[in-house]
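Accompanying notes for the structure given below.
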Amino acid sequence: MSTIKELHHTYTNLLDGEPCSLIDAAYAYILDGYTITIVGADKRPTGKWGVGGWNRFDETNADRLSIGRATGIAVITGPSGLAVLDFDDPDVFALFTEQYGDMQTRVARTPRGYHAYFNAPEGVTIKPRLNIIPGLDVRAGESYIILPPSIMEHGTYAWVNANPILDMPRPILDLIT
């Protein structure tokens, strides 16, 4: 396993779009305070899933990233304090940014669109929702979202920018709650 200094460097490089191993990326995300799970190419967790049964990534199951069907990692949104806008269509993302402004928060490119990451506001319950508008889902609470540099059946995930993850703006929060 890499040292903390090496993992910090890995995390910085990952945000800049440089390649790194899934195991180093997973540990780097954990160092940044996120709860990570291991997923297969079908985007499904490789182990037990559900409240109290998370398949959390740590040193006890790190070997799963080098064997079996694991091809990716995902952040568990609720325990990580995140709410993620999942755009399955680049055109919907473009229209959304026209209406709500450019995404100044961290954004990842997905095989079908984009993920915009936000800090979930304290004291506000955000639930996962599908099709808030056609092509836009919300991942929050007890859900997960695939992280770069995962490789899924339909393509890879990569960071578009290295921006900090911002608090969710009120107009977007009003739309999704």
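Because only heavy atoms are used, hydrogens play no part in the values below, and waters and symmetry mates are left out as well, while side chains stay in.
Looking only at distances, no side-chain donor or acceptor of D137 sits under 3.5 Å from a matching main-chain atom of I132. Formation of a donor-acceptor pair under 3.5 Å by the S80 side chain with backbone atoms of T35 is found in this model. For the pair N163 (side chain) and Q104 (backbone), a donor-acceptor distance under 3.5 Å is present. When atom types are taken as modelled, the side chain of T77 and the backbone of S143 share a donor-acceptor pair closer than 3.5 angstrom. Although no hydrogens or angles enter the test, the distance criterion places no donor-acceptor pair under 3.5 Å between the side chain of R106 and the main chain of A116. The backbone N or O of Y117 lies less than 3.5 Å from a partner atom in the side chain of T105, making a donor-acceptor pair. Under a 3.5 Å cut-off, the side chain of S150 and the backbone N or O of I146 do not form any donor-acceptor pair. Of the possible donor and acceptor atoms, one in the side chain of N161 sits under 3.5 Å from a partner among the backbone N and O of V107.
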Step by step, would you call Y34 with Y29 a ring-ring contact (aromatic ring centres under 6.0 Å, His included)? CA-CA 6 Å; Y34 300 114; Y29 289 126; 7.1 Å; no
Decide side-chain contact (heavy atoms from CB on, under 4.5 Å) for L136 and N131; before the verdict, give the C-alpha distance in whole Å, the side-chain angles of both, and the deciding distance to 0.1 Å. CA-CA 5 Å; L136 172 61; N131 285 319; over 6 Å; no
Please evaluate residues F87 and R112 with respect to the criterion side-chain contact (heavy atoms from CB on, under 4.5 Å), reporting the C-alpha separation (whole Å), side-chain torsions for both, the decisive distance (0.1 Å), and the verdict. CA-CA 8 Å; F87 296 91; R112 295 191 302 175; over 6 Å; no
Under the side-chain contact (heavy atoms from CB on, under 4.5 Å) criterion, do T156 and M152 qualify, and how do the steps go? CA-CA 6 Å; T156 61; M152 300 292 107; over 6 Å; no
With side-chain contact (heavy atoms from CB on, under 4.5 Å) as the criterion, how do R139 and L130 come out once you've worked through the C-alpha distance, each side chain's angles and the decisive distance to 0.1 Å? CA-CA 9 Å; R139 304 291 179 210; L130 301 177; 3.7 Å; yes
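Counting heavy atoms from C-beta outward, N119 and L82 have side chains that approach closer than 4.5 Å. Annotation: side chain of Y157 is not in contact with side chain of P149 (no heavy-atom distance under 4.5 Å).
Both I126 and F96 are assigned to one and the same hydrophobic cluster, defined by single-linkage of ILVMFWY side chains at heavy-atom distances under 4.5 Å. I73 and I30 fall within the same hydrophobic cluster, where Ile, Leu, Val, Met, Phe, Trp and Tyr residues are linked whenever their side-chain heavy atoms come under 4.5 Å apart, directly or through other members. Both V160 and F118 sit in one connected hydrophobic cluster of ILVMFWY residues. Membership requires side-chain heavy atoms under 4.5 Å apart, directly or through other members. Hydrophobic clustering (side-chain heavy atoms under 4.5 Å, transitive across Ile, Leu, Val, Met, Phe, Trp, Tyr) keeps Y114 apart from I165. M168 and V84 are assigned to two separate hydrophobic clusters, defined by single-linkage of ILVMFWY side chains at heavy-atom distances under 4.5 Å.
The one candidate from V75, L85, T110 that meets the side chain to side chain contact (heavy atoms under 4.5 Å, CB included) condition with H115 is T110.
Atom CG of L147 is separated from atom CG of L22 by 10.0 Å, given to the nearest 0.5 angstrom. For the atom pair CD1 of I133 and CG of L95, the computed distance is 8.0 Å after rounding to the nearest 0.5 Å.
Within 6.0 Å of CG in L173 there are more than 12 heavy atoms belonging to other residues, nucleotides or ligands.
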